[in-house]
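The next block holds one structure in the form of structure tokens; read it before the comments.
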Amino acid sequence: MEIRPIFSALMRNKTAPLLIAAQVALTLAIVCNALYIIQDRLATAARPSGVDEANVSELRLYPARQIADIRGMQMRDLEAIRAIPGVVSAAWTNQIPLGRSGWNVGGLSTSAEQTDSNIAAAQYFSGESMVETFGLNLVEGRDFLPEEVLESDPQVDRNLPKVAIISQALAKALWPDDASVVGKTLFLGTGGADGNSVQVVGVVERMQTPWAAVGPSGEYSLILPLRYLDPFTRYSVRTEPGRQAQVMAEVEKKLLSLGNDRVLLSNRTLAEIRDIRYAGEKLMAGLLIAVTTFLLLITASGIVGMASLWVNQRRKQIGVRRAIGARKADILRYFLVENVLITTGGILAGVVLALALNNFLVSELEIPRLPVAYLGLTMAVMWVLGLLAVLGPAWRAAAVPPAIATRTA
């Protein structure tokens with residue numbers, strides 16, 4: 001079948017084909033970028049935190065009145081928590097991965113002379129082993145020794161330990177060319193000769209920050225052996241597999257029974273904390289999936305409507321062709337080829353629109369550039385969608401009996 005006569009026939013009535021082609025182009029541009037954003041958001045929400053998420057929980061208590069012996073309170077609480085069957089490890093921690101708020105330290109550098117570093121990291125600290133409590137994977141070096149733990153009372157002093165454990169992502173950012181960073185000196189704050197410094201004694205494979213930003217900086221974490229004497233208590237508890245709900249209920253009950261000087265703020269699993277942190281990403285992905293589905297349905301409906309209208313308008317021509325020997329397959333092929341021409345025109349325009357839209361999103365929202373594979377996939381989807389949408393009307397056209405068609409006005 002020659003394409004030129006079909007194209008000439010389309011040009012005699014340009015409005016409907018151009019509208020369908022424009023609809024295909026707009027749908028392709030939006031769907032292509034939407035699919036990429038959906039994949040990017042869902043991939044972001046699925047990133048591992050580095051923590052034993054299935055078994056780690058956080059319990060927070062706020063003082064109802066002044067607490068005289070904060071250190072004694074922390075040690076008493078931890079002893080009570082560890083005595084509960086099913087508890088693997090417990091620690092007072094200043095923050096938790098994915099928690100959305102916490103401490104950080106900027107100006108990290110590897111030289112006392114460097115004063116312009118823009119590398120910042122989440123600053124975790126605890127008087128207990130966070131490696132054990134969070135279930136972190138220590139890939140190099142060691143955990144802290146008991147004698148390396150310092151105490152800091154925010155009302156009196158601000159002691160800084162001399163050793164630290166850092167995440168692998170932070171190690172690569174600071175020492176990109178070094179295979180091992182254990183034993184190296186890390187300068188905190190503004191650096192310089194008077195800047196605080198710590199020696200790296202260990203590296204964990206992964207530990208997300210409380211904010212879990214997109215990109216490598218979402219895993220820039222620093223752990224310090226510091227017992228912080230704060231009346232606000234945040235205990236991270238790691239339980240045996242399958243016993244999290246039962247054990248954390250016992251932990252809550254036990255801590256509240258130790259006195260009436262505190263109120264419970266929250267008792268959450270890390271899985272619940274993850275859901276809260278990534279609720280926005282999942283909502284965006286869900287909305288984009290709904291928009292994508294709606295656009296595809298609207299485009300398919302437009303193609304079906306156009307093809308059905310043309311079948312009704314061409315019943316006499318179809319009957320004439322059938323009467324002079326055209327087979328059902330010839331009629332069917334005619335409508336399919338016609339649709340392919342319209343869809344292809346829309347797809348070519350849609351590719352240009354998709355790239356323009358992606359350039360706008362890259363500049364305004366700082367998302368990565370659209371991979372070529374997404375363009376190819378969306379083009380194939382639009383071709384298949386167009387063929388499936390026109391298939392029903394084309395079958396109806398091919399089934400028109402010649403005798404009935406030639407009697408119509």
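These figures come from a predicted structure and were not determined experimentally.
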Does a side-chain heavy-atom distance below 4.5 Å link [X] with [Y]?
X: Arg65; Y: Asn260; result: yes
X: Leu222; Y: Leu186; result: yes
X: Leu59; Y: Leu264; result: yes
X: Val381; Y: Val31; result: no
X: Phe125; Y: Gln95; result: no
X: Met207; Y: Leu136; result: yes
X: Asn55; Y: Arg243; result: no
X: Thr233; Y: Arg60; result: no

I need the minimum non-hydrogen distance between [X] and [Y], along with the two atoms involved.
X: Val24; Y: Gly346; value: CG1-C, 3.9 Å
X: Gln39; Y: Tyr374; value: CG-OH, 3.1 Å
X: Ala112; Y: Phe187; value: N-CE1, 3.5 Å
X: Leu174; Y: Thr110; value: O-CG2, 3.6 Å
X: Leu288; Y: Ala34; value: CD1-O, 4.1 Å
X: Glu140; Y: Val181; value: OE2-N, 3.4 Å

* Residue Lys254 excluded, over 12 heavy atoms near NZ under 6.0 Å -> no
* Around atom OH of Tyr62, are there more than 12 heavy atoms of other residues, nucleotides or ligands at under 6.0 Å? -> no
Under the 3.5 angstrom rule, does the side chain of [X] hit a backbone N or O of [Y] as a donor-acceptor pair?
X: Ser167; Y: Glu219; result: yes
X: Asn94; Y: Tyr228; result: no
X: Thr239; Y: Val247; result: no
X: Asn339; Y: Val390; result: no
X: Ser49; Y: Val51; result: yes

* Please assess Glu148 against Lys162 for the test salt bridge (Lys or Arg N to Asp or Glu O under 4.0 Å), listing each intermediate value before the final yes or no. => CA-CA 8 Å; Glu148 292 172 333; Lys162 296 302 179 183; over 6 Å; no
[X] side, atom [atom1]; [Y] side, atom [atom2] - distance, nearest 0.5 Å:
X: Leu375; Y: Cys32; atom1: CG; atom2: SG; value: 4.0 Å
X: Leu361; Y: Tyr36; atom1: CG; atom2: OH; value: 11.0 Å
X: Leu255; Y: Ile81; atom1: CG; atom2: CD1; value: 4.5 Å
X: Leu28; Y: Leu295; atom1: CG; atom2: CG; value: 11.0 Å
X: Thr299; Y: Ile30; atom1: OG1; atom2: CD1; value: 9.0 Å
X: Leu138; Y: Glu132; atom1: CG; atom2: CD; value: 11.0 Å

* To do: Before giving the answer on salt bridge (Lys or Arg N to Asp or Glu O under 4.0 Å), spell out for Glu250 and Lys253 the whole-Å C-alpha distance, their side-chain angles and the decisive distance to 0.1 Å.
  => CA-CA 5 Å; Glu250 288 294 324; Lys253 181 179 179 181; 5.2 Å; no
Can [X] and [Y] be counted as having a side-chain donor-acceptor contact under 3.5 angstrom?
X: Asn267; Y: Glu252; result: yes
X: Ser109; Y: Ser117; result: no
X: Tyr278; Y: Arg47; result: yes
X: Ser126; Y: Thr93; result: no
X: Asn359; Y: Arg369; result: yes
X: Arg238; Y: Thr133; result: no

* To do: Please lay out, stage by stage, how Met248 and Val237 fare under the test side chain to side chain contact (heavy atoms under 4.5 Å, CB included).
  => CA-CA 8 Å; Met248 289 309 298; Val237 182; 3.8 Å; yes
* To do: Please say which of Val56, Val204, Ile223 ends up in a side chain to side chain contact (heavy atoms under 4.5 Å, CB included) with Phe134.
  => Val56
* Asked: Checking salt bridge (Lys or Arg N to Asp or Glu O under 4.0 Å) for the pair Asp178/Lys172: CA distance, chi angles, key distance, verdict?
  -> CA-CA 8 Å; Asp178 295 348; Lys172 290 180 179 179; over 6 Å; no
* Asked: Taking the six-membered ring where the residue is Trp, are the ring centres of Tyr124 and Trp103 under 6.0 Å apart?
  -> no
* **Output field: ring centroids Tyr220/Trp211 closer than 6.0 Å** => no
* Asked: Taking it one step at a time, do Leu188 and Leu160 satisfy side chain to side chain contact (heavy atoms under 4.5 Å, CB included)?
  -> CA-CA 10 Å; Leu188 311 180; Leu160 179 71; 4.0 Å; yes
* Dump the intermediate steps for side chain to side chain donor-acceptor pair (under 3.5 Å) on Trp383 and Thr344, then the final yes or no. => CA-CA 7 Å; Trp383 267 312; Thr344 300; 3.0 Å; yes
* Got a salt bridge between Arg227 and Glu128, using NZ or NE/NH1/NH2 to carboxylate O under 4.0 Å? -> yes
* Go through Ile119 and Leu170 one step at a time and tell me if the side chain to side chain contact (heavy atoms under 4.5 Å, CB included) criterion holds. => CA-CA 9 Å; Ile119 298 178; Leu170 181 59; 3.9 Å; yes
* Using the side chain to side chain contact (heavy atoms under 4.5 Å, CB included) rule, take Tyr235 and Gln74 through it: C-alpha gap first, then chi angles, then the decisive distance, then the call. => CA-CA 9 Å; Tyr235 295 115; Gln74 289 185 8; 4.1 Å; yes
* Could you check Asp77 against Arg262 for salt bridge (Lys or Arg N to Asp or Glu O under 4.0 Å), going step by step and ending with a plain yes or no? => CA-CA 12 Å; Asp77 289 347; Arg262 296 176 296 177; 2.5 Å; yes
